[in-house]
Amino acid sequence: MSAARYTKSRKLIMTDRYAVIGNPVAHSQSPMIHAEFARATGEAIRYEKLFAELGRFREVVEGFIAEGGRGLNVTLPFKGEAYRMSDEVTERARAAEAVNTLTFRDGKVYGDNTDGIGLVRDIVQAMDVQLAGKNVLVLGAGGAVRGVLEPLLEEKPASLTIANRTLIKAEALVHHFAPWGVCQATGYGELAGRAFDVIINATSTSLHNELPPIPAGLFNARSLAYDMVYSKGLTPFLRRAQSENAGMLADGLGMLVEQAAESFFIWRGKRPDTRKVTHMLRELLA
Ligand code: ATR
C-alpha cells in the first residue's frame with residue numbers, strides 16, 4: 001500500500017515510498033537530495049530516514065516492504081547485509097559485495113551499488129576529467145574502495161594502484177577484483193617518487209581530521225586530488241594537495257549527489273540534473 005494523499009480537487013494521489021536506512025542515519029542528506037530530484041522531475045515520491053538497530057536490518061527492511069515501500073538507499077553499516085538479502089544483484093554490486101540501492105518489485109529484492117558510478121560520473125562528467133588511459137591511485141582498502149573499484153576499472157585507466165597502510169588488505173582487493181581488471185597493491189612508502197594523474201582518498205582519515213601517510217611530492221599541476229569525504233573546508237588530504245599545487249581539488253559532495261541520481265534513475269527511470277542539487281548542498285555547507 002502506497003501512502004495516499006488527496007489534492008484540493010480530491011483526486012487521490014498514490015505516493016511511492018522510499019527511504020535511506022542506516023545507523024546512524026540522522027545526518028543523511030539523502031531525503032533532501034531525493035526531494036529535490038522529485039520536484040525537478042515531477043515525480044510523486046515520499047522519501048524518509050529509517051533507523052535500524054544493529055542486528056535488526058532485515059526485520060526493518062521487511063517491515064518497510066510490508067508497508068508498501070518501493071526502494072531503499074542503504075548506508076553504513078548495512079551495505080553487506082543489503083547485498084546478502086538481495087534476490088538479484090547487478091554486476092557492480094556483485095563485484096563490491098555491497099548494495100546501496102534496494103528495489104522491491106513483484107515480491108523480489110533487487111540490489112545495486114551506485115557508489116562507484118557516482119564517483120566516476122562526478123569525475124568524468126561533472127569535472128570533465130577522463131579516467132581512460134590515466135594512472136589512478138586509490139588510497140585505502142576498506143568498504144569505500146570495494147564499492148568503487150569495478151566502475152573505476154570499467155573506465156579502462158592505464159593503471160589502477162591501491163595503496164593501504166595494511167598491505168595485505170590491498171592485496172586481497174587486487175585478487176578479488178582480478179575478474180574485472182588489473183590493479184596493483186602497494187604500501188605508502190613505495191609511493192615516493194611516483195606520479196599519478198588522479199589520486200583518490202578513500203580512507204577514513206578525513207573523518208578524523210587526519211592525513212594518510214602519503215610521501216611528499218605526490219601531486220603536481222596535472223593531478224586531480226579527490227577526497228571521497230566532503231566537508232565545509234578542505235580536508236587535510238586536500239590541503240596537502242593544494243600545498244603541492246595539484247591541478248584540481250574535489251571533495252565527495254558531487255559523488256554523493258551522483259550516486260543518489262543513479263538510485264533515482266533505477267527507481268523512477270528519470271535522470272535529474274545533479275549540478276543544481278550539488279550547488280544547493282554546497283551553499284548549505286558553507
Ligand atoms: P570504510 O568501509 O569506510 O572504507 P574501513 O573498512 O574501516 O572503512 O577502512 C578504512 C580505511 O582507511 C582502511 O583502508 C584504513 O587502513 P587500514 O586497512 O590499514 O586500517 C584506512 N585508514 C584509517 N585510518 C588511517 C590512517 N590514520 N592512516 C592510513 N590509513 C588509514
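Both counts, for ligands and for their atoms, begin at 1 and track the order of listing.
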**Item:** Thr203 contact mode with ligand 1 (heavy-atom cut-off under 4.0 Å)
**Value:** both
**Fill in**
heavy-atom search around atom 16 (O) of ligand 1 in the protein gives Asn164 OD1, 3.3 Å
**Ile168 atom CD1, neighbour heavy-atom count above 12 within 6.0 Å** = no
**Message:** On the six-membered ring of Phe264, is Arg271 placed so that its NZ or CZ lies under 6.0 angstrom from the centre and within 45° of the ring axis?
**Reply:** no
**Item:** Residue, atom name and distance, where the atom is the protein heavy atom closest to atom 5 (P) of ligand 1
**Value:** Gly142 CA, 4.1 Å
**Prompt:** Going by the atom numbers of ligand 1, which of them fall below 4.0 Å from some non-hydrogen atom of Thr205?
**Reply:** 24 (N), 25 (C), 26 (C), 27 (N), 28 (N), 31 (C)
**Message:** Any carboxylate oxygen within less than 4.0 angstrom of a Lys/Arg side-chain nitrogen, looking at Asp112 and Arg94?
**Reply:** no
**Item:** Side-chain touch Ile123/Leu131, heavy atoms, less than 4.5 angstrom
**Value:** yes
**Item:** Ligand-side contact atoms (ligand 1) for residue partner Glu210, heavy atom cut-off under 4.0 Å
**Value:** 27 (N)
**Message:** If you measure every N or O of Leu76 against every N or O of ligand 1, does any of those distances drop under 3.5 Å?
**Reply:** no
**Asked** Any idea which protein heavy atom is nearest atom 23 (C) of ligand 1, and the distance to it?
**Response** Ser204 OG, 3.2 Å
**Complete:** atom 29 (C) of ligand 1 has as its nearest protein heavy atom Pro213 CD, 3.5 Å
**Asked** At what distance, to the nearest 0.5 angstrom, does CG of Leu256 lie from OG1 of Thr278?
**Response** 8.0 Å
**Prompt:** Of the protein's non-hydrogen atoms, which lies at the shortest distance from atom 17 (P) of ligand 1, and what is that distance?
**Reply:** Thr166 OG1, 3.4 Å
**Item:** Sub-3.5 Å N/O-N/O distance, Ala141 and ligand 1
**Value:** yes
**Residue and atom name of the nearest protein heavy atom (relative to atom 18 (O) of ligand 1), distance in Å to one decimal** = Lys169 NZ, 2.7 Å
**Nearest-contact summary for atom 8 (O) of ligand 1 - protein heavy atom, Å** = Gly143 N, 4.4 Å
**Item:** Salt-bridge criterion met for Glu81 and Lys79 (N-O under 4.0 Å)
**Value:** no
**Message:** For Lys276, is the NZ atom crowded, meaning more than 12 foreign heavy atoms sit under 6.0 Å from it?
**Reply:** no
**Per-atom contacts of ligand 1 with Gly140, taking only distances under 4.0 Å to non-hydrogen atoms** = 14 (O)
**Asked** Do you know which of Trp267, Phe265, Tyr18 makes ring pair (Phe, Tyr, Trp, His ring centres under 6.0 Å) with His34?
**Response** Trp267
**Asked** Which residue owns the protein heavy atom closest to atom 20 (O) of ligand 1, what's the atom, and how far is it?
**Response** Arg165 NH2, 2.9 Å
**Request:** Tell me yes or no: between the side chains of Asn73 and Tyr47, is some donor less than 3.5 Å from an acceptor?
**Result:** yes
**Message:** Check this for me: does any side-chain nitrogen of one of Glu244 and Arg239 sit under 4.0 Å from a carboxylate oxygen of the other?
**Reply:** no
**Fill in**
atom 3 (O) of ligand 1: of Ala170, Gly147, Ala144, the nearest heavy atom sits on Ala144
